[in-house]
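This report refers to the structure that appears directly beneath it.
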Amino acid sequence: MDEMRRIQVLSPRLANQIAAGEVVERPASVIKELVENAIDAGSRRIEIELEAGGAKLIRVRDDGSGIAGDDLPLALARHATSKIGTLDDLEGVASLGFRGEALAAVSSVSRLELFSNTEDEPSAGWRVVAEGREMASRISPAPHPRGTTVTVRDLFFNTPARRKFLRTEKTELNHIEEGFRRLALSRFDISWVLRHNQKVVHQLRAGEERVAREQRLAKLLGQSFLSNALHIDMSATGLRLWGWVGLPTHTRAQADQQYFFVNGRVIRDKLVAHAVRQAYRDVLFHGRHPVFVLYLELDPLVVDVNVHPTKHEVRFRDARLVHDFLFSSLHKALAEVRPNNARDSEGERDISTQEASSQTSSQPSWQQQPMALREGSSSDSGSSAFGYGRRDSGGERPAADRVHEFMAGYRALHPDHESALLNPQEAHDQRVSTPDQEAPVMTSGGVPLPDQVPGEAPPLGYAIAQLHGVYILSQTTRGMVIVDMHAAHERITYERMKQQVHQGRLDAQPLLVPVSLAVSEAEVERAERERDAFAQLGVELDVAGPETLLVRQLPALLARADVEPLIRDMLADLERYGQSDRVTAHINEILSTMACHGSVRANRKLTIMEMNALLRDMERTERSGQCNHGRPTWIELSMNDLDKLFLRGQ
Amino acid sequence: MKFSISREALLRPLTLVAGVVERRQTLPVLSNVLIEANGQQLSLTGTDLEVELVGRVELANVDQPGAATVPARKLMDICKSLPDQSEITFIVEDGRAILRAGRSRFTLSTLPAAEFPNIDEGQGETELTLPRGTLKHLIDATSFAMAQQDVRYYLNGMLIEMRNHLVRTVATDGHRLAVCSRSADIALDNPHKLILPRKGVLELVRLLDDSDEPVTLILGSNHLRARTGAFTFTSKLIDGKFPDYERVVPKGGDKHFTAERSELRQVLSRTAILSNEKYRGVRLNLEEGNLRVLANNPEQEEAEENVAIDYSGGGLEIGFNVGYLVDVLNVLNVEQVQMTLSDANSSALLEEPGGGDAMYVVMPMRL
């Protein structure tokens with residue numbers, strides 16, 4: 001080295017360019033920053049214009065509050081923002097941005113022009129650009145309607161290294177579209193336009209009703225997403241989860257189409273991913289990924305978004321509570337997927353027909369009530385002739401039972417939340433519904449409840465024949481259903497076994513010779529701390545030394561399992577997610593194998609009566625849409641589908 | 001085979017037998033009628049594999065006994081259009097059937113009689129007889145309520161229940177239900193319940209008349225056979241469990257009113273004209289001494305009728321498919337009709353005042 005390097009203050013442009021390295025990765029990230037500003041400005045309409053995949057031009061126009069003329073010099077300066085003022089604001093941040101560096105960063109790596117106006121009078125607008133090493137702002141009057149337009153030209157023109165990393169126009173556009181999808185899904189009350197090379201890519205109308213929202217969903221993610229999704233909406237103690245989750249049969253090879261919003265901010269979070277994965281366990285086919293668009297709403301004070309500059313990660317103040325809430329809500333929603341729900345999977349949910357039908361809906365629609373026809377003898381009656389009474393009173397009970405069960409477990413794990421989570425009153429308010437139809441009553445504890453509207457033909461219809469000893473053909477009101485008899489029976493057996501096993505306490509088996517485990521000190525400490533959690537799961541641990549644990553007792557069903565990895569995984573889970581379901585998972589695996597061997601196999605001849613009994617069982621069983629391995633158990637061909645095959649009515 | 005017969009003697013059994021034969025067939029022999037001439041008797045058989053009907057006629061003379069099958073509908077159409085009192089000569093030779101009457105001659109194709117299917121007769125049969133009029137009344141009073149091509153296959157027919165001194169028929173399509181019972185001079189060890197398919201019901205009732213002549217019923221495990229003088233009817237049964245109709249009959253309705261049956265029927269039929277064509281909904285407004293019937297359709301046309309009724313009690317508004325009410329009033333053959341309601345969501349019971357042999361339950365519509 002020739003000369004001694006001296007410490008110097010970086011020029012603002014260079015400092016900003018370094019910041020840009022974190023925030024501005026590609027055109028898509030510029031759009032994200034600009035649009036988030038537009039959203040924070042309270043815009044109702046946001047237009048995005050692109051050229052050459054955003055490399056040449058990005059223009060974001062909004063009709064928000066605009067920036068006051070006097071503030072404009074600051075708008076492009078680093079660490080300047082109107083969104084927060086004090087540390088307290090930061091702790092409860094409700095806006096998408098708050099770091100005050102986006103515009104500065106973007107303008108340091110591109111030719112950025114900003115027009116803004118806070119008045120309704122167009123002539124009151126201003127234009128601002130930042131120039132030179134010092135990034136001094138130059139302001140001049142310019143006409144502009146109320147709102148802000150930011151134009152970003154020639155992104156990375158001064159950072160060739162970054163420019164080299166830009167991909168083809170198409171790839172960049174794909175990234176932008178993906179980002180756009182997230183933004184458009186985050187705010188249904190804003191109308192959006194995305195143009196590329198003067199062509200409209202997406203145009204979305206604002207609308208807060210469910211129909212409008214689902215229209216947007218269908219436009220952004222495809223009709224197939226919508227017709228295979230359940231709408232959910234649940235809340236408990238300050239947490240609300242709503243949105244759409246894909247049916248376990250509608251999965252993707254990649255983990256795309258997974259959108260999770262926390263207070264309107266899209267995130268990709270490990271905790272959330274884990275809760276979702278757990279909820280989909282044993283209904284998902286191996287290697288497939290579920291799809292979902294979910295919105296978690298909670299008090300901004302209990303979530304910390306200042307974790308990462310791109311704000312894709314968040315920290316929940318109470319991670320356990322959130323994890324449990326997510327898991328239990330989704331698990332419950334998926335468990336209720338039964339043949340009944342799938343009934344409206346097409347037609348009714350088709351957007352176009354919905355629009356058409358809404359015109360005629362002003363006319364009162366008559367609805368013929370069916371009779372409560374039941375098979376069987378008359379001797380067991382005694383209740384009202386129509387059975388409605390029984391259905392109404394028994395309706396919510398099993399769901400509430402499950403919540404109780406969950407709460408009991410939860411309290412044992414976390415005594416400090418006792419009062420907070422899920423008191424039964426609120427549990428009653430929880431609902432899952434598919435679009436247009438309320439979820440049916442579910443069964444628990446093997447008590448068969450009337451699981452369909454009395455008097456109507458059952459959703460899986462009546463068996464007609466058995467095909468090659470493998471499939472059951474059944475005629476339904478809408479068409480036909482083909483059932484994989486082994487897969488269906490396997491699920492029924494499995495759910496029954498699970499219910500029996502998990503109903504009572506887990507039977508524990510003390511070990512004659514305790515198994516000693518060499519673990520880290522931290523793990524020993526954790527085991528001490530979580531002793532109750534382990535006990536609840538039938539595992540008894542003793543500390544035998546600073547780095548040794550003794551396993552004294554295991555759940556009876558796992559007596560022959562490999563102890564060491566199980567305990568290690570449990571410890572890791574408890575650390576990361578605040579709870580562990582490894583024991584349940586292992587037990588379920590064993591039950592699954594038992595169920596597989598205990599179910600009817602292919603080539604077993606069934607009589608019509610046996611087949612009908614199986615169909616009725618399926619209608620009652622949770623998650624009966626898939627077998628334990630995630631394969632579908634039945635498919636439906638409606639008369640429409642069949643007509644299409646034969647070109648009827650075309 | 002060769003025989004001669006008068007047009008009139010042939011036509012009645014032929015028409016009934018041909019009624020069983022389906023117009024379109026995938027199995028050609030099923031569109032034929034089996035003709036057998038034997039001794040002094042001619043018998044005609046038609047079947048669709050579910051229902052079989054055999055008609056018999058005495059013949060003065062069979063020139064040559066034999067059996068053959070000929071297209072049922074064509075044969076019937078020919079006989080129908082021949083002049084009255086024609087004498088028909090029927091000859092089968094070389095696989096052709098030749099029919100002569102007066103100066104007309106028709107040659108029909110035939111299929112061998114051996115190909116003609118017959119319904120197997122089961123074992124363990126119980127036999128009993130009823131007056132034809134009784135059975136006809138039981139069927140007429142309930143058959144309109146049978147379901148048609150419902151997925152719940154057991155509703156596409158009529159439940160016939162027989163026990164000591166009692167016969168009962170029940171039909172329902174899930175929206176309305178009809179029950180009719182009559183006492184009869186029968187003795188059975190065990191009560192019998194069977195579901196006769198829709199087509200069987202409609203064919204059987206054509207054989208019956210209002211007379212006190214007997215019809216013999218033979219109850220098999222999977223079929224029912226009915227024998228009147230000249231006809232033998234056999235139908236397969238629906239293998240299924242009929243819903244428990246007794247639980248559907250409402251008990252505890254507190255709003256009873258009686259009305260003139262024919263007047264009410266006319267009121268409803270008129271109102272129906274302006275009801276929604278698809279849903280056929282009408283609103284009944286029950287007031288003291290008066291029943292107001294209202295209907296309107298998507299074109300905003302409206303009908304309102306008032307009919308005097310014998311009623312004192314609270315008001316009620318309830319919606320019905322008008323067709324279901326009119327069906328009941330059509331078959332209820334009495335001067336006065338009594339209707340029992342409880343609330344807008346519960347079913348209505350229609351019957352003869354004081355309760356006759358028939359009961360009708362109709363589910364309301366929700367507006």
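The shown structure was predicted, so the numbers you read here are calculated from the model rather than taken from an experiment. Sequence lines set the chain letters: A, B, ... in the order given, protein chains first and strands last, and positions in each chain run from 1.
Under the 4.5 Å side-chain criterion, counting only non-hydrogen atoms from C-beta, B:Y279 is not in contact with A:Q368.
For B:D254, the CG atom sits in a packed shell: over 12 heavy atoms of surrounding residues, nucleotides or ligands are nearer than 6.0 Å. More than 12 heavy atoms of other residues, nucleotides or ligands lie within 6.0 Å of CG in B:N306, so this atom counts as buried by the packing criterion.
When heavy atoms are compared at a cutoff of 4.5 Å, B:Y245 does not approach chain A at all.
Taken from CE in A:M371 to CE in B:M363, the straight-line distance is 6.5 Å, to the nearest 0.5 Å. The CG atom of B:D150 sits 9.5 Å away from atom CD of A:Q475, with the distance rounded to the nearest 0.5 Å. To the nearest 0.5 Å, the span separating NZ on B:K241 from CE on A:M609 amounts to 6.5 Å.
Here the closest non-hydrogen pair linking A:N612 and B:Y153 is ND2-OH, 4.1 Å.
For the side-chain contact (heavy atoms from CB on, under 4.5 Å) with A:Q369, the qualifying choice from B:R366, B:H175, B:M365 is B:R366, the only one to do so.
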